[in-house]
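Right, one structure below, let's go through it.
Just so we're on the same page: letters track the sequence lines, and every chain starts at 1.
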Number of protein chains: 2
Amino acid sequence: MEDEVQHWINRYMDAYMMVTRQVGARIKDSIAADTTNDQYQILRLINAQEQCTSTYLAETFCVGKSSITAIINRLVQAGIIERTRDENDRRQVYLSMSEHGKSVFEAAESQVHEVVAPYLFHFEKKDIETFIMMFEKLASLIQNDNGGKSQ
Amino acid sequence: MEDEVQHWINRYMDAYMMVTRQVGARIKDSIAADTTNDQYQILRLINAQEQCTSTYLAETFCVGKSSITAIINRLVQAGIIERTRDENDRRQVYLSMSEHGKSVFEAAESQVHEVVAPYLFHFEKKDIETFIMMFEKLASLIQNDNGGKSQ
DNA sequence: AAATATAGTTCAACTGTAGAACAGTTTCAT
DNA sequence: ATGAAACTGTTCTACAGTTGAACTATATTT
């Protein structure tokens, strides 16, 4: 029983590392050379979030706020992201994509689509649903378990 | 149909990023502070590979060989890894764990186990098998598709 | 009004990455 | 056998990402 769990974890870690690394490398090759994978992930979060803040990104990305400042500074520098202060609470800074940013992001999205989509055709529709649902369940389990190391 | 594929990809990317980041953060918190996640992944590869070389690590990890040199230098510095030249082909350098390295690695393994294992109990045995098998199939599809962007 | 909390930035030190130039070693063609 | 080509790994420089502590500015609490 313990052995079985250990065995699953090893297989999961092996497959996981392989997929993470290889997909990451392919995505990097396909998106514009001056956009990094981390920057693309940040853009996805900003795109999906109304009135996105640094604090939200830091928590979701599991890094300190100073890392977010560094990434956002580069994206602002590149004219992709704009900062807007909230006039009601001037501590808050909302992050949004400029017009140029939107087109960079959309180009990256479609490149990622082209990289990932071909792999889907090797699987049954039903299995894809199951796989994604399990992944989502895992994500939500982890998310609802913040801080509590046990359980 | 195209929409369905797009939708799958978005859901996959969302769940994938969440799981990657959160699991990464939890593993980092649990393993020794002076070992990074990337270093741990490298140790897993070295552990699994007889006569491991930099070239093998670079290919598997999808990075340039100079990145591997940098990581290995730090691990050698920390007394975790040892380099051994092949006397038959003096270009090759085999990487292996020192006794200290082995104990560091085993401690990390058991910490990772403690972090990951609890999540498994939320799933059916059958579903875990399916999930891991799909992950492995995906990994092997990607691996057998080196360079060829299409198909 | 003063203390406390919150949002974000700055800074220094470090890890990881890329790519080009390089050194040493082996293989291969002539 | 010799010189060219191929291969393994390292060095170097520049940059992206991360951390954690110190800091600024603003809002909230008491």
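- Between the P atom of dG17(D) and the CG atom of Asp34(A) lies a distance of 12 Å, rounded to the nearest Å.
- dT10(D) atom P lies 9 Å from atom CD1 of Ile72(B), rounded to whole Å.
- The CZ-P distance, from Arg85(A) to dT6(C), rounds to 18 Å in whole Å.
- As a whole-Å value, the separation of Arg90(A) CZ from dT28(D) C1' is 17 Å.
- Residues forming a ring-ring contact (aromatic ring centres under 6.0 Å, His included) with Tyr16(A) (at least two apart in sequence, or on another chain): Tyr12(A).
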Report task. Could you walk me through whether Met134(B) and Met134(A) pass the side chain to side chain contact (heavy atoms under 4.5 Å, CB included) test, one step at a time? Result -> CA-CA 11 Å; Met134(B) 282 199 63; Met134(A) 282 199 63; over 6 Å; no

Hey, can you pull the donor-acceptor pairs under 3.5 Å for the side chains in residues 63-80 of chain B, sequence neighbours left out?
| residue | atom | partner | partner atom | Å |
| --- | --- | --- | --- | --- |
| Thr69(B) | OG1 | Lys65(B) | O | 3.3 |
| Asn73(B) | OD1 | Arg83(B) | NH1 | 3.1 |
| Asn73(B) | OD1 | Arg83(B) | NH2 | 2.8 |
| Asn73(B) | ND2 | Thr69(B) | O | 3.3 |

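- Dashed line: the shortest gap from a side-chain N or O of Arg83(A) to OP1 or OP2 of dT9(C) is under 4.0 Å.
- When the C1' atom of dG19(C) is taken as reference, atom CG of Asp29(A) falls 14 Å away, rounded to whole Å.
- The nearest whole Å value for the distance from the CG atom in Asp86(B) to the C1' atom in dT27(C) is 15 Å.
- Among the atoms of the strands shown, only primed sugar atoms or phosphate atoms (P, OP1, OP2) are found under 4.0 Å from some heavy atom of Asn88(A).
- Sorted by first and then second residue, the salt bridge (Lys or Arg N to Asp or Glu O under 4.0 Å) pairs involving residues 88-104 of chain B (not counting sequence neighbours) are Glu87(B)-Arg90(B), Asp89(B)-Arg91(B), Glu99(B)-Lys102(B).
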Considering only nitrogen or oxygen atoms on both sides, find all protein atoms under 3.5 Å from nucleotides 14-17 of chain C and state each distance.
| residue | atom | partner | partner atom | Å |
| --- | --- | --- | --- | --- |
| dG16(C) | OP1 | Thr36(B) | OG1 | 2.3 |
| dG16(C) | OP2 | Gln39(B) | NE2 | 3.4 |
| dG16(C) | OP2 | Arg74(B) | NH1 | 2.8 |
| dG16(C) | O3' | Asp38(B) | OD2 | 3.3 |
| dT17(C) | OP1 | Arg21(A) | NH1 | 3.0 |
| dT17(C) | OP1 | Arg21(A) | NH2 | 3.4 |

Identify the pairs formed between an N or O of the protein and an N or O of nucleotides 1-8 of chain D at a distance under 3.5 Å, and give each distance.
| residue | atom | partner | partner atom | Å |
| --- | --- | --- | --- | --- |
| dC7(D) | O2 | Arg91(B) | NH1 | 3.4 |

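- The main-chain N or O of Leu57(A) is never found under 3.5 Å from a side-chain atom of Thr60(A) such that the two would form a donor-acceptor pair.
- One can place CD of Gln51(A) at 14 Å from P of dA7(C), the figure rounded to the nearest angstrom.
- A donor-acceptor pair under 3.5 Å is formed between the side chain of Lys137(B) and the backbone N or O of His122(A).
- Pairs passing the ring-ring contact (aromatic ring centres under 6.0 Å, His included) check and including a residue from residues 65-115 of chain A, sequence neighbours excluded, do not occur.
- Checked for salt-bridge contact, Arg21(B) and Glu59(A) miss the test: no charged N lies under 4.0 Å from a carboxylate O.
- In this structure, the side chains of Ile31(A) and Val104(A) stay at 4.5 Å or more apart for every pair of heavy atoms.
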